[in-house]
Colleague: 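My structure is below; once you've seen it, I'll send some questions.
Whatever order the structure lists ligands and atoms in, that order sets their numbers, starting from 1. All figures in this text were calculated on a predicted structure; none of them were measured in a lab.
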Amino acid sequence: MTILVTGGAGFIGSNFVLDWLAQSDETVVNLDALTYAGNLQNLASLQGDERHRFVRGDITDRELLAQLFQTHRPRAVLHFAAESHVDRSILGPGAFIKTNVDGSFALLEAARLHWLGLEGDAKPTFRFLHISTDEVYGSLAPDAPAFNESHPYQPNSPYSASKAASDHLARAWFHTYGLPVLTTNCSNNYGPFHFPEKLIPLMIVNALAGKPLPIYGDGQQVRDWLYVKDHCSAIRTVLAGGRVGETYNVGGWNEMTNRSIVQTICALLDEMKPAAAGPYERLVTHVKDRPGHDRRYAIDARKIQRELGWRPAESFETGIRKTVRWYLDNAAWVANVQSGGYRDWVAANYEQR
Ligand code: NAD
Ligand code: DAU
């Protein structure tokens with residue numbers, strides 16, 4: 001048996017592939033274009049492991065998709081591949097439409113053609129799991145109830161609009177064609193291999209380098225943080241037991257302001273790697289806000305708990321401690337991802353703020 005993972009060299013995808021192969025002998029075909037966000041070093045521990053077949057390629061490449069389905073005949077597709085950073089979607093939305101919308105469309109069509117040709121039990125047990133985000137639901141008022149699965153779609157950024165579009169395509173491929181689709185909408189992840197353009201890893205690597213910690217606006221925006229390994233376990237749970245055509249919200253029951261996230265990271269670094277120049281909080285700077293910045297996200301994760309018995313294993317306290325430790329122990333990984341391209345991004349996003 002084989003599963004096809006897209007985007008398995010990125011942050012969540014690589015954690016998923018590593019966790020999957022730690023628990024199962026089922027082969028993973030990993031299709032990833034290796035954009036700036038894809039990194040084969042994340043998967044270095046799988047070198048020589050025949051259960052992992054890496055294919056460099058683009059999900060918009062229909063010929064390649066047809067060939068992969070024909071050769072490997074996967075029993076499931078786990079679709080992680082996406083452009084994922086909101087700030088990049090503001091400065092350059094085109095890539096988001098191409099990968100998140102056109103790419104998801106191409107993948108759904110390739111999966112549908114493969115599924116149509118399946119026989120016997122293979123057909124009803126086939127699964128297409130579309131990995132999506134809570135950002136499709138838009139922004140919550142401070143006292144509003146958390147997003148449940150029937151919350152209206154109100155995406156506000158080019159990134160979330162492109163993910164919303166892909167969610168709608170996945171839904172339509174189930175309702176119109178009967179493709180056995182599952183969708184997960186997850187809150188903010190953090191943990192190992194997180195590219196340091198996102199809040200938590202950016203704050204850790206900047207603090208360690210003695211650079212400013214740039215908080216957008218007043219820093220009172222709220223996100224619901226989930227340790228990445230818990231997201232991976234939720235995806236495995238939905239794949240195994242989710243009802244086809246359903247969506248499952250996944251979250252950590254952990255709402256925090258950006259300001260308090262940065263304070264927590266600074267306090268952990270003060271304890272684990274104190275700086276000669278004094279507490280890391282000295283590096284905090286408030287910079288110009290993100291255009292269209294969503295104020296609050298919160299996930300109501302009761303459906304996945306009620307129906308499938310999933311709950312996060314990590315609290316934020318345990319998860320963030322492991323994460324800071326991981327960045328302290330993996331300085332070579334950090335140095336490697338801070339290439340010329342990374343420096344160009346930092347200049348483009350932060351110099352005008
Ligand atoms: P990421 O940016 O770290 O990784 C994306 C991966 O997709 C990279 O390896 C990249 O090379 C690959 N990719 C990009 N375009 C491609 C293309 N056209 N063809 C093939 N591969 C391509 O993203 P992530 O944070 O790991 O997110 C993975 C998925 O989870 C995304 O769909 C994202 O929307 C969703 N998600 C992310 C979070 C989060 O907090 N990071 C939360 C909820 C949902
Ligand atoms: O909610 C799920 C989403 O979480 C995923 O779908 C996205 O792929 C993922 O990138 C993430 O989106 P966010 O925009 O919430 O994450 P980011 O880490 O970019 O920002 C988190 C918060 O921190 C947000 O309110 C913006 C703020 N921020 C971010 C950066 C990079 C800052 O204040 N300063 C920064 O330098």
Colleague: For Q70, look at atom CD and say whether over 12 heavy atoms of other residues, nucleotides or ligands are found less than 6.0 Å away.
Modeller: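 Counting other residues, nucleotides and ligands, CD of Q70 stays at 12 neighbours or fewer.
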Colleague: Output the list of atoms in ligand 2 that are nearer than 4.0 Å to some heavy atom of I215, sorted by atom number.
Modeller: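 Counting atoms of ligand 2 from 1, those under 4.0 Å from I215 are 33 (O).
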Colleague: What residue and atom, counting heavy atoms only, is the protein's closest point to atom 1 (O) of ligand 2, and at what distance?
Modeller: D134 OD1, 2.5 Å
Colleague: Taking atom 16 (O) of ligand 2 as the point of reference, which of L199, N188, T133 owns the nearest heavy atom?
Modeller: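 The nearest heavy atom belongs to N188.
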Colleague: Who's the nearest protein heavy-atom neighbour of atom 7 (C) of ligand 2, and how far?
Modeller: S84 O, 3.4 Å
Colleague: Side chains of H72 and T2: is there a donor and an acceptor less than 3.5 Å apart?
Modeller: no
Colleague: Is the shortest distance from a Lys or Arg side-chain nitrogen in D87 or R290 to a carboxylate oxygen in the other one below 4.0 Å?
Modeller: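 Here D87 pairs with R290 in a salt bridge, since their nearest N and O are under 4.0 Å apart.
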Colleague: Under a 3.5 Å distance rule, please check whether Y248 uses its side chain to pair with a backbone N or O of A301 as donor and acceptor.
Modeller: no
Colleague: If the test is ring pair (Phe, Tyr, Trp, His ring centres under 6.0 Å), which one of Y327, W326, F11, F316 qualifies with Y190?
Modeller: F316
Colleague: I want to confirm something. Looking only at heavy atoms, which of Q221, R353, H293 is nearest to atom 25 (O) of ligand 2?
Modeller: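 When every heavy atom of Q221, R353, H293 is considered, H293 comes closest to atom 25 (O) of ligand 2.
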Colleague: I'd like to know if the side chain of N148 reaches the main chain of A146, judged simply by a donor and an acceptor atom lying under 3.5 Å from each other, with no hydrogens or angles considered.
Modeller: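 Judged by distance alone, no pair lies under 3.5 Å.
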Colleague: Just checking K123: does its NZ atom have more than 12 heavy atoms from other residues, nucleotides or ligands closer to it than 6.0 angstrom?
Modeller: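 Yes.
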Colleague: Once you restrict to heavy atoms under 4.0 Å, what part of K198 touches ligand 2? Side chain, backbone, both or neither.
Modeller: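 For K198, the contact with ligand 2 is made by both the backbone and the side chain.
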Colleague: Within a radius of less than 6.0 Å around CZ of R171, do more than 12 heavy atoms belonging to other residues, nucleotides or ligands occur?
Modeller: no
Colleague: Does E83 offer a backbone N or O that forms a donor-acceptor pair with the side chain of N100 under 3.5 Å?
Modeller: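 Between the backbone of E83 and the side chain of N100 there is a qualifying donor-acceptor contact (under 3.5 Å).
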Colleague: Taking C-beta and beyond as the side chain, do F96 and K163 meet within less than 4.5 Å on heavy atoms?
Modeller: no
Colleague: Among all protein heavy atoms, pick the one closest to atom 13 (P) of ligand 2 and tell me residue, atom and distance.
Modeller: E135 OE2, 3.4 Å
Colleague: Show the atoms of ligand 2 that are less than 4.0 angstrom away from any heavy atom in E197.
Modeller: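 Taking each heavy atom of E197 in turn, ligand 2 has 31 (C) under 4.0 Å.
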Colleague: What is the closest protein heavy atom to atom 29 (C) of ligand 2, and at what distance does it sit?
Modeller: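 Ranking protein heavy atoms by distance from atom 29 (C) of ligand 2, first comes Y216 CE1, 3.6 Å.
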Colleague: Would you call E109 and R62 a salt bridge, taking side-chain N to carboxylate O under 4.0 Å as the test?
Modeller: no
Colleague: Quick check: does Y159 get an N/O under 3.5 Å from an N/O on ligand 2?
Modeller: yes
Colleague: To the nearest 0.1 Å, how far is atom 36 (O) of ligand 2 from its closest protein heavy atom, and which atom is that?
Modeller: Y350 OH, 2.6 Å
Colleague: What residue and heavy atom of the protein are closest to atom 34 (N) of ligand 2, and at what distance?
Modeller: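 Its nearest protein heavy-atom neighbour is P214 O, 2.8 Å.
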Colleague: Which option out of R223, Q220, R290 puts a heavy atom nearest to atom 20 (O) of ligand 2?
Modeller: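 Ranked by closest heavy atom to atom 20 (O) of ligand 2, first place is R290.
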Colleague: For atom 27 (C) of ligand 2, which candidate among V86, L226, N258, V287 holds the nearest heavy atom?
Modeller: N258
Colleague: Between W345 and R88, is there a cation-pi geometry (under 6.0 Å to ring centre, at most 45° from the normal)?
Modeller: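 So R88 does make the cation-pi contact.
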Colleague: List every atom of ligand 2 that sits less than 4.0 Å from any heavy atom of H85, numbering the atoms from 1 in the order shown and giving each element.
Modeller: 19 (O)
Colleague: A cation-pi test, strictly: NZ or CZ of R353 under 6.0 Å from the centre of the six-membered ring of Y216 and no more than 45 degrees from its axis. Yes or no?
Modeller: yes
Colleague: What part of L202 sits under 4.0 Å from ligand 2 if we count only heavy atoms: the side chain, the backbone, both or neither?
Modeller: side chain
Colleague: Under a 4.0 Å heavy-atom cut-off, what residues line ligand 1?
Modeller: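 Under the 4.0 Å cut-off, ligand 1 touches G7, A9, G10, F11, I12, D32, A33, L34, T35, A37, G38, G57, D58, I59, F80, A81, A82, S84, T99, I131, S132, T133, Y159, K163, C186, S187, N188, N189.
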Colleague: Mind jotting down which residue pairs meet the salt bridge (charged side-chain N to carboxylate O under 4.0 Å, His left out) criterion with at least one end in residues 292-303? Sequence neighbours excluded, please.
Modeller: D218-R295, E246-K303, E255-R296, D300-R302
